[in-house]
Amino acid sequence: MKLYVIVTLCVLFTITEQISLSEKCVCEFAQSGKTFPHDKLERVQDAASDCNSNLMPQKTIELESLLLGLDRRLPVLEKDVSMLEKEDDGELYGVLSLYVIENEMTEIKELIDKLNSTRLEQEHVTATTTQQLQDLREEMQELETFDTMQVVKRQQANQRLKRDLEQCKNGLHPTHQPTEPPHGTCPYGQFLNISEPRVYTAGEYPGSYKYGAWGRDPKPEAGKESWYWRVILTSSNRYAHYVRFYSTLSSLIIGVSIPGNVQIHPSNPTTNTIQGPNNVLYGGALYYNCYNKDAVCRFSLTSKIVTTLDLPKGTRYNAKGNFCNLDECYQCTDLDLATDESGVWVVYTTTQDFGNLVLSKLEEGEPPVLGKTWRTSVYKQAVTNTFMACGILYATRYVNQEVEEIFYSFNPVTGQERFNVGIFMKKLAPNIQALNYSPVDQMLHAYCDSYMVSYKVQFELLDNQS
Ligand SMILES: *[C@@H]1O[C@H](CO)[C@@H](O)[C@H](O)[C@H]1NC(C)=O
Ligand SMILES: *[C@@H]1O[C@H](CO)[C@@H](O)[C@H](O)[C@H]1NC(C)=O
């Protein structure tokens, strides 16, 4: 703090000197800014040194020595007490020892009282100093506005650069090589766990529409960054013909839909109707299983045009390749669209894959194009849902009404499959009809028996795990 003060003064001094040197010229020195408040600076300096003296390290040392004193004193007391016990023959020695111990007890009590008062004093000092520092900070920020030559700012920038350089230097000495294979394309490292439910709402239609999906567009159009979308299967729990929007998460929770619906077609169902719940919104377009077809539909919210991508021959559709729990299947969950950091994916199954999960990357476009495809060895009907997070496919299974387990993962880069992921999700309703990951905020959005629930995904290398 003192350093910039000196520099600021130097700068002012230089300016003044130049003025006096140029006296003989006709030039006029126009002071553009306000005059520098020297008195204020002095006050700040005084306050700073005051603050410093309050924070003298002696105070802490005092407390520490008192504690240390107590620490040493107690074993002595213990020794004397045990000696008294041995000597307790009712004779003179015992009485003397008792005196000694009584004195020791008085001393220890004094120590404790001192410790108590010092602690209280310190608490007081900490509280007032915090306030003083806050005031000082504000005053310095105000004074900084007089720093028209930007000296302080530059100095701060230099300090930051120095610190970054230091960190950079330290970072250049790698401590160890990673022993695990690379985690796909994920910069966050491994998926570690999932939080308790963070959002839990019945939304606009409490208890109605058991099937649906919700979330946010990972690649939103400008001005729609905070929007949330919801698709409800209004016809037979199978079909939907519009996407409903909420301008914020709180409006979704309280059930106020502004700007309302964007409709695909007035009839439901018909060609290009949404069939099944596992749809996603990405880049201003809804991706979903088209009505009565083994195909992915892409509905552009702006142009309202639907384009179609046919999946390979043999793809199971019309409730022939559903997700299931042990007791029942979730109807029309043949195609599960998913989003992650790298875009849109589709999970499905085919006859030639004997009902096992197949994963394909979708490349953006109108119509979208089928990218690379991977085959897995997990049976789709043994899975309740899937999602992609940071390049890895995860699958869930039903444990009981309160718990769902993320039990399986597949890394398309290495081809590695794991059946022992063992991450448990706490449910607030028994069934999950749709599950999708939002790469924007690492939230997992679940649509559960008409409730909307979200969880925070916790990765190994992400700091903000709150
Ligand atoms: C510490 O001091 C306060 C105020 O003097 C007193 O109320 C409190 O009982 C003391 N605590 C102990 C453990 O002596
Ligand atoms: C995972 O998170 C849940 C809370 O959602 C917690 O109860 C559990 O202990 C965590 N598991 C591990 C292995 O950290």
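No hydrogens, no waters, no symmetry mates; every other heavy atom, side chains included, goes into these values. Both ligands and their constituent atoms are indexed starting at 1 by order of listing.
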Next on the checklist: Side chains of Arg230 and Tyr447 only: does a donor on one sit below 3.5 Å from an acceptor on the other?
Outcome noted: yes

Checklist entry - Between Glu204 and Arg244, is there a salt bridge with N-O shorter than 4.0 Å? => result yes

Quick one: table the atom pairs, ligand 2 N or O against protein N or O, below 3.5 Å, distance rounded to 0.1 Å.
unit_1	atom_1	unit_2	atom_2	d
ligand 2	2 (O)	Asn193	OD1	3.4
ligand 2	2 (O)	Asn193	ND2	2.4
ligand 2	2 (O)	Ile194	O	3.4
ligand 2	5 (O)	Ile194	O	3.0
ligand 2	5 (O)	Glu196	N	3.3
ligand 2	11 (N)	Asn193	ND2	2.8
ligand 2	14 (O)	Asn193	ND2	3.3

Checklist entry - Hey, which of Thr129, Asp135, Thr128 is the one that makes side-chain hydrogen bond (donor to acceptor under 3.5 Å, both in side chains) with Gln131? => result Asp135

Checklist entry - Between Tyr228 and His445, how do the two ring planes meet: parallel, tilted or perpendicular, split at 30° and 60°? => result perpendicular

Checklist entry - Just checking, any donor-acceptor pair under 3.5 angstrom between side chains of Tyr437 and Glu341? => result yes

Item to check | Derivation of the ring pair (Phe, Tyr, Trp, His ring centres under 6.0 Å) call for Tyr239 and Tyr291 | outcome: CA-CA 8 Å; Tyr239 312 115; Tyr291 172 64; 5.3 Å; yes

Next on the checklist: Please list, in number order, the atoms of ligand 1 under 4.0 Å from a heavy atom of Leu120.
Outcome noted: 2 (O), 3 (C), 4 (C)

Item to check | Distance-only side-chain donor-acceptor flag, Asn292 / Tyr317, under 3.5 Å | outcome: no

Checklist entry - Taking non-hydrogen atoms only, is Ile112 closer than 4.0 angstrom to ligand 1 via side chain, backbone, both or neither? => result neither

Checklist entry - Within the structure, does Asn116 bring an N/O atom to less than 3.5 angstrom of an N/O atom in ligand 1? => result yes

